[in-house]
Structures are given as structure tokens and as C-alpha cells.
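Presented below is the structure to which this report refers.
Every value quoted in this text rests on a predicted model; they were computed, and no experiment measured them. Protein chains get the first letters and strands the later ones, always in sequence-line order, with residue 1 at the start of each.
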Number of protein chains: 2
Amino acid sequence: MTEAAKLKDEELSLKLFVVLTRALEAIEKNIVKNIKSYGLNLTEFGVLELLYHKGDQPIQKIGQKILLASSSITYVVDKLEEKNYLIRKACPTDRRVTHASITEEGKKLMDDIFPKHRLAMSEIMAGLDIEEKEIVIEKVKKLGLYAQKL
Amino acid sequence: MTEAAKLKDEELSLKLFVVLTRALEAIEKNIVKNIKSYGLNLTEFGVLELLYHKGDQPIQKIGQKILLASSSITYVVDKLEEKNYLIRKACPTDRRVTHASITEEGKKLMDDIFPKHRLAMSEIMAGLDIEEKEIVIEKVKKLGLYAQKL
DNA sequence: TATAATTATTTCGAAATCGAGATAACGGTA
DNA sequence: TACCGTTATCTCGATTTCGAAATAATTATA
């Protein structure tokens with residue numbers, strides 16, 4: 001890379017970070033608005049959605065998928081358990097492990113929320129058309145995977 | 001839009017959100033690693049960078065640019081003031097307003113950090129080349145602006 | 001098999017963020 | 001000028017997240 005290209009790349013990298021941050025903030029603000037009316041925050045919704053779609057999960061798997069420190073998951077799972085949307089189940093084969101399992105009440109809530117969330121999401125994301133979304137998904141995935149490996 | 005296209009769009013919107021979130025998390029983790037070694041977190045760095053590049057700012061302007069609640073800025077500015085990287089200056093023309101101003105010590109710190117940050121940033125973002133970054137910036141900006149207006 | 005290293009979860013205290021409300025000052029208008 | 005709505009900042013209490021360390025169980029190793 002030429003010296004000029006290096007400078008340009010640095011400029012664009014800084015700018016890309018700002019743009020990504022701003023966009024995600026705006027998107028999240030809208031999602032939160034929807035989900036909050038059901039008494040959930042984004043993290044709680046994420047956990048519940050995981051259990052809803054992928055079935056019971058070891059508590060620590062949840063942390064990996066939602067990207068939360070183990071101590072934070074304990075906290076979130078506590079909250080959801082208090083709200084009766086999930087229960088802890090001891091793992092029979094490994095006594096270190098606890099599974100989180102969505103309750104009937106949790107399932108009912110997600111049956112209600114999730115289709116609305118889907119719809120709201122595509123309204124929030126309507127700034128790009130289908131082709132553009134596909135491009136951005138591909139590029140941003142590449143960007144994220146690279147950054148993850150550093 | 002056909003029914004099938006609507007479904008596709010919902011799918012892509014959900015996926016786009018996940019991809020954006022994951023990418024930003026990975027990117028931030030790397031940035032934080034660099035900045036943390038100077039005793040700053042991302043927010044503090046953001047505030048300091050703003051003052052470093054744009055000069056003195058009313059406290060509430062900082063909040064708008066960094067996207068923080070007013071109570072949170074007070075907290076962050078307190079922290080930076082404790083560290084002697086900025087000082088509050090009463091505004092002479094409007095007694096409601098307080099300006100935040102970077103100190104010599106803060107300037108020195110940024111003289112040291114910022115070039116490294118620039119470089120680190122382009123290393124973190126090296127998953128995409130210049131052309132791809134330009135595309136993503138354009139698209140994600142469009143996405144964010146749309147979501148902001150909702 | 002005994003011991004050591006690893007893994008899963010929780011506890012604890014601290015940090016960062018928020019929202020609601022308090023306080024003070026400004027700007028417009030009657 | 002006196003009052004009212006708006007703006008800027010701060011205080012306070014609550015929520016969410018984190019990291020370090022505690023506990024307990026499993027797996028690998030000597």
C-alpha cells in the first residue's frame with residue numbers, strides 16, 4: 001500500500017467505526033422501545049429468544065452466544081426466572097452444569113412478541129433494500145470475523 | 001413487495017442486526033484493549049478525542065455527540081477532571097453553561113495515544129479493503145440515518 | 001488412584017449508564 | 001418588569017454490566 005492509501009485507510013477505518021456505532025445506537029433505540037413495552041430489555045429478549053428458538057441451553061452457552069460475562073448471565077437468568085419466563089434445570093450428566101429452559105409463560109410471551117419484533121425490525125431496517133442488506137451483511141460479517149480473530 | 005420478498009426482508013433484517021452487533025462487539029473489544037492500557041475507557045476516550053480535535057465544548061454538546069444522557073456526561077466529565085485530563089470552565093456569556101476543556105496533560109496523552117489508535121484502528125478494520133469500507137460506510141450511514149428518523 | 005488443571009456457576013464489589021426530578025439561568029411575552 | 005416555558009447541569013437511586021475470586025465438579029496426568 002502506498003503512504004497515501006495507508007492514510008486513506010486509516011481515515012476510513014475511523015469513520016467506519018463511528019458510522020457503525022451511530023447506526024447501531026439508532027437501531028437499538030427503536031428495538032428497545034418495542035421490547036420495553038413488554039417489560040423486557042434487549043439482553044433479556046436475546047436470552048429468551050435463544051431459548052425459544054434453540055431450546056434449553058447451558059447457562060454458560062447463553063453467555064457465549066449473547067456475549068456476556070458469566071456473572072452477568074447469572075444476573076439476567078435470575079431476572080427472567082423471577083418473571084417466570086424461564087427455569088433452571090440441573091443437568092443430569094454433569095453436575096457443574098445448569099440448563100436454562102423457557103417456561104410456558106415465556107413461550108406464550110414470545111409467541112406474542114416475536115412476530116411483532118420481526119415486523120418492527122424490517123421497518124427499522126427499511127433504509128436499505130434487500131440487495132443492499134445482503135451486501136452489508138456479507139461485508140460486515142467479514143469485518144467482524146477478522147476483528148474477532150485478532 | 002411480494003409476500004415472499006417481505007419474508008426475505010424480515011429474515012435479512014434480523015440477520016443484519018445480529019451481524020452488526022457481533023462485528024461492533026469484536027471491534028470494540030480490540031479498541032478497548034488498546035485504550036485501557038492508558039487508563040481510559042471508550043467513553044472517556046471519545047470525550048477526550050472530541051475536545052482534542054474540536055476544542056472546548058459545552059458539556060451538553062458532548063452528550064449529544066457521544067450519545068450519552070446528561071447525567072452520564074456529568075459522571076464522565078467528573079472522572080476525566082479527577083484524572084486532570086480536562087477542566088470545567090464557566091461560560092462567561094451564559095451562566096447555565098459549563099465548558100469542558102482539555103488540559104495540557106490531556107493533550108499530551110492524546111498526542112501519544114491518538115496516532116497509535118489510528119493505526120490500531122486500521123489494523124482492526126483490515127478485514128475490508130478501502131473500496132469495501134467506502135461501500136459499507138455509505139450503506140450503513142443510510143441505514144442509521146433512516147433508523148434515526150423513525 | 002491421587003493430584004493438578006480445567007470448566008461451570010455463583011458471589012461480591014465496583015463501574016457505567018439511565019431516568020426522574022432539583023436547581024438555576026435564560027428568553028420571550030404580557 | 002414579572003411571569004412562564006425552555007435550557008443546562010447536577011443529584012439521586014436503580015439497573016446492567018464487568019472482573020476477580022469462591023465453590024464445586026469434571027477431566028487429564030503422573
> 5'-most contact on DNA chain C: Q60(A) or K36(A), nearest heavy atom basis?
Replying inline: Q60(A)
>> Any salt bridge linking E49(B) with K54(B)? Criterion: basic side-chain nitrogen under 4.0 Å from a carboxylate oxygen.
In response: no
>> Measure CZ/F45(A) against C1'/dT15(D) and give the value in whole Å, please.
In response: 20 Å
>> Which nucleotide wins on minimum distance to the side chain of Y75(B), given the candidates dT9(C), dA15(C), dT6(C)?
In response: dA15(C)
>> Nearest heavy atom decides the nucleotide; on that basis, is L67(A) or I59(B) closer to the 5' end of DNA chain D?
In response: I59(B)
> Are OP1 or OP2 of dT10(C) and a side-chain N or O of R88(A) less than 4.0 angstrom apart?
Replying inline: yes
>> What is the separation between atom CD1 on I62(A) and atom P on dT7(C), rounded to the nearest whole Å?
In response: 19 Å
> If you look at every strand shown and take non-hydrogen atoms under 4.0 Å, does L68(A) touch a base, only sugar-phosphate, or nothing?
Replying inline: sugar-phosphate
> Mapping D94(B) and H99(A) onto DNA chain C by nearest heavy atom, which one lands closer to the 5' end?
Replying inline: H99(A)
>> Suppose we call a contact any N or O donor and acceptor under 3.5 Å apart; does that hold for the side chain of S71(A) and the base of dC12(C)?
In response: no
>> Of the listed nucleotides (dC10(D), dT9(C), dG19(D)), which one gets closest to any side-chain atom of S70(A)?
In response: dT9(C)
>> Walk me through whether H117(B) and I31(B) qualify under side-chain contact (heavy atoms from CB on, under 4.5 Å).
In response: CA-CA 8 Å; H117(B) 171 67; I31(B) 298 173; 3.9 Å; yes
> Which nucleotide sits closest to the side chain of N41(A): dT17(D), dC10(D), dT16(D)?
Replying inline: dT16(D)
> CD of E25(A) to CD of Q148(B): how many Å apart, nearest 0.5 Å?
Replying inline: 9.0 Å
> In whole angstroms, how far is the C1' atom of dT9(D) from the CD atom of Q57(B)?
Replying inline: 16 Å
> When the distance from CG of L42(B) to P of dA15(C) is rounded to whole Å, what number comes out?
Replying inline: 18 Å
> Of the nucleotides dC18(D), dA25(C), dT26(D), which one has an atom closest to the side chain of R95(B)?
Replying inline: dA25(C)
>> Between P on dT16(D) and CD on E82(A), what's the gap in Å once rounded to a whole number?
In response: 10 Å
>> Without decimals, in angstroms, what is the distance between I73(B) CD1 and dA8(D) P?
In response: 11 Å
> Rounded to the nearest 0.5 Å, how far apart are CG of L40(A) and NZ of K83(A)?
Replying inline: 5.5 Å
> Below 4.0 angstrom from OP1 or OP2 of dT17(C), is there any side-chain N or O of T43(B)?
Replying inline: yes
>> The side chain of R96(B) is closest to which nucleotide in this list: dA25(D), dA25(C), dT10(C)?
In response: dA25(C)
> How are the rings of F114(A) and Y52(A) set to each other: parallel, tilted or perpendicular (split at 30° and 60°)?
Replying inline: tilted
> dT17(D), dA25(C), dC18(C): which one has an atom nearest the side-chain heavy atoms of S72(B)?
Replying inline: dC18(C)
> Which nucleotide sits closest to the side chain of T74(B): dT10(C), dC18(C), dT11(D)?
Replying inline: dT11(D)
>> Nearest whole Å is fine: how far is dT9(C) C1' from Q64(A) CD?
In response: 13 Å
> What's the spacing between I124(B) CD1 and L143(A) CG if we round to 0.5 Å?
Replying inline: 10.0 Å
>> Nearest whole Å is fine: how far is dT17(D) P from I66(A) CD1?
In response: 11 Å
